[in-house]
Amino acid sequence: MSVAKRDTENRKVTTHRLIEMKQRGEKISMLTAYDYSMAKLIDQAGMDVILVGDSASNVMAGNTTTLPITLDQMIYHGKSVMKAVKRALVVVDLPFGTYQGNSREAVSSAIRVMKETHADCIKTEGGAEIQESIVRILSAGIPVMGHLGLTPQSINKFGTYTVRAREKEEAEKLIDDAHLLEELGCFALVLEKIPAKLATQVASELKIPVIGIGAGHGVDGQVLVMHDMLGITEDFSPRFLRRYANLKEVVTKAVQTYIEDIKRQDFPNEKEQY
Ligand code: KIV
């Protein structure tokens, strides 16, 4: 396997640089973040793209879906992340109900995100159904990342979190939507939980970068939810998830040791007081 030369430059990652990475064959790294401290660590570790995902609704607020999170809450998370990030491109999800029904509302939601968080761009879920909203947001000069396949904001329509686009009809619509998003001017696309073969085909047909989550290795980059890859969440174990740490164990052990030290009057000791 030949690995393309890595872009390690410290200057800010732009939408244009992501397209160059695709052209060079360098895979794009992307991870979610929702707060200042974690965003700082992730950025300093060299992540290309940080997504302020509406998965904040699940992992930060404890909701069972992404639907309840509001625009104000997404802006709060976006602002916190932006204070920390120097290099990564920062994408903020437009939450459910702020862009689907009405393109005027869509552009004002996107403008609020850009003005109040200073993020680099926004992400929307869906294809042809939200075409008008995407066109309007782009016409305001705001870069848009698309998201197709398993789109969690439509979970009530799907009724299940299983793999999408296994059937011919849905796969054909996904391919059409992917081309449409590129033609409209989206700078990148997320494909979630679809067959690897289909994702590879889409990535090879499009000029814009295609970032996968549960979409195999034939795409131009990968994204995961930070709490899942760090092993903070334990009740979510899809096949595509690789855990890079077991922070649940680390945190539990540290907290238990702290409790123990307090109880046995070991903390604070002589050196830890004034
Ligand atoms: O909200 C999110 O974290 C996402 C990723 C799963 C791509 O949209």
Expected list for residues 186-203: side-chain donor-acceptor pairs under 3.5 angstrom, two or more places apart:
from	atom 1	to	atom 2	distance (Å)
Glu192	OE1	His147	NE2	2.9
Lys193	NZ	Tyr161	O	2.8
Thr200	OG1	Ala196	O	2.7
Gln201	NE2	Glu205	OE2	3.0

Can you confirm whether more than 12 heavy atoms, excluding those of [X], are under 6.0 Å from its [atom1] atom?
| X | atom1 | value |
| --- | --- | --- |
| Arg104 | CZ | no |
| Lys173 | NZ | yes |
| Glu270 | CD | no |
| Glu272 | CD | yes |
| Tyr76 | OH | no |

Under a 3.5 Å distance rule, please check whether [X] uses its side chain to pair with a backbone N or O of [Y] as donor and acceptor.
| X | Y | result |
| --- | --- | --- |
| Lys22 | Leu206 | yes |
| Thr117 | Ala119 | yes |
| Thr124 | Gly146 | no |
| Arg17 | Lys12 | yes |

For this session: I would like to know whether Ile137 and Ile122 meet side-chain contact (heavy atoms from CB on, under 4.5 Å); could you show each step before the answer?
Result: CA-CA 9 Å; Ile137 295 170; Ile122 57 97; 4.1 Å; yes
Are [X] and [Y] connected in the hydrophobic side-chain network, where two residues link if heavy atoms are under 4.5 Å apart?
| X | Y | value |
| --- | --- | --- |
| Val90 | Val49 | yes |
| Ile155 | Leu174 | no |
| Val3 | Ile28 | no |
| Leu51 | Phe236 | yes |
| Ile130 | Phe158 | no |

Exercise. What residue pairs, at least two apart or across chains, pass side-chain hydrogen bond (donor to acceptor under 3.5 Å, both in side chains) with a residue in residues 49-59?
Worked result: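 Of all non-adjacent pairs touching residues 49-59, those that pass side-chain hydrogen bond (donor to acceptor under 3.5 Å, both in side chains) are Tyr34-Ser55, Asp54-Gln153, Ser57-Asn63.
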Exercise. Any side-chain hydrogen bond (donor to acceptor under 3.5 Å, both in side chains) pairs touching residues 132-142, not counting sequence neighbours?
Worked result: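 Every side-chain hydrogen bond (donor to acceptor under 3.5 Å, both in side chains) pair that includes a residue of residues 132-142, provided the two are not neighbours, is Ser103-Arg136.
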For this session: Sequence neighbours left out, what passes side-chain contact (heavy atoms from CB on, under 4.5 Å) with Asp266? Give chain and number order.
Result: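 Result, side-chain contact (heavy atoms from CB on, under 4.5 Å) vs Asp266: Asp261, Arg264.
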Problem set entry | Electrostatic pair Lys207-Glu182, nearest N-O below 4.0 angstrom |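 Salt bridge: no.
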Problem set entry | Side-chain ion pair, Arg87 and Asp43, N-O less than 4.0 Å |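 No salt bridge links Arg87 with Asp43.
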For this session: Begin from the C-alpha positions of His16 and Glu20 and carry the test side-chain hydrogen bond (donor to acceptor under 3.5 Å, both in side chains) through to its verdict.
Result: CA-CA 6 Å; His16 182 70; Glu20 286 175 347; 3.1 Å; yes
Once rounded to the nearest 0.5 Å, what's the spacing between atom [atom1] of [X] and atom [atom2] of [Y]?
| X | Y | atom1 | atom2 | value |
| --- | --- | --- | --- | --- |
| His227 | Leu247 | NE2 | CG | 9.5 Å |
| Asp93 | Leu71 | CG | CG | 11.5 Å |
| His179 | Leu184 | NE2 | CG | 13.0 Å |
| His77 | Met60 | NE2 | CE | 5.5 Å |
| Glu234 | Asp228 | CD | CG | 11.5 Å |
| Met74 | Ile69 | CE | CD1 | 5.5 Å |

Quick one, [X] and [Y] - any side-chain contact, counting heavy atoms below 4.5 Å?
| X | Y | result |
| --- | --- | --- |
| Leu89 | Ile50 | no |
| Ile75 | Val113 | yes |
| Leu181 | Leu148 | yes |

Work out which heavy atom in [X] is nearest to a heavy atom in [Y]; give both atom names and the distance.
| X | Y | answer |
| --- | --- | --- |
| Lys27 | Val219 | NZ-O, 2.6 Å |
| Ser109 | Thr98 | OG-O, 2.6 Å |
| Gly126 | Ile134 | O-CD1, 4.5 Å |
| Pro143 | Gly141 | CD-O, 3.6 Å |
| Leu224 | Ile213 | CA-CD1, 4.3 Å |
| Gly127 | Leu180 | C-CD2, 4.4 Å |

Going by atom type alone, with no hydrogens or angles, which donor-acceptor pairs under 3.5 Å involve a side-chain atom of residues 252-259 and a protein atom two or more places apart or on another chain?
from	atom 1	to	atom 2	distance (Å)
Thr252	OG1	Lys248	O	2.5
Thr257	OG1	Lys253	O	2.7

For this session: Take Gln73 and Thr70 through the test side-chain hydrogen bond (donor to acceptor under 3.5 Å, both in side chains) and record every step on the way to the result.
Result: CA-CA 5 Å; Gln73 288 165 337; Thr70 65; 3.3 Å; yes
For this session: List for me each residue that meets side-chain hydrogen bond (donor to acceptor under 3.5 Å, both in side chains) alongside Ser29, sequence neighbours excluded, and say none if there are none.
Result: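 Result, side-chain hydrogen bond (donor to acceptor under 3.5 Å, both in side chains) vs Ser29: Asp48.
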For this session: Give the intermediate values and the outcome of side-chain contact (heavy atoms from CB on, under 4.5 Å) for residues Val163 and Arg239.
Result: CA-CA 11 Å; Val163 181; Arg239 188 201 295 193; over 6 Å; no
Exercise. What's the verdict on salt bridge (charged side-chain N to carboxylate O under 4.0 Å, His left out) for Arg166 and Glu170, showing C-alpha distance, side-chain angles and the deciding distance?
Worked result: CA-CA 7 Å; Arg166 278 197 197 277; Glu170 194 181 338; over 6 Å; no
Problem set entry | Check against side-chain hydrogen bond (donor to acceptor under 3.5 Å, both in side chains), Glu249 and Asn246 | CA-CA 6 Å; Glu249 205 173 285; Asn246 188 343; 3.2 Å; yes
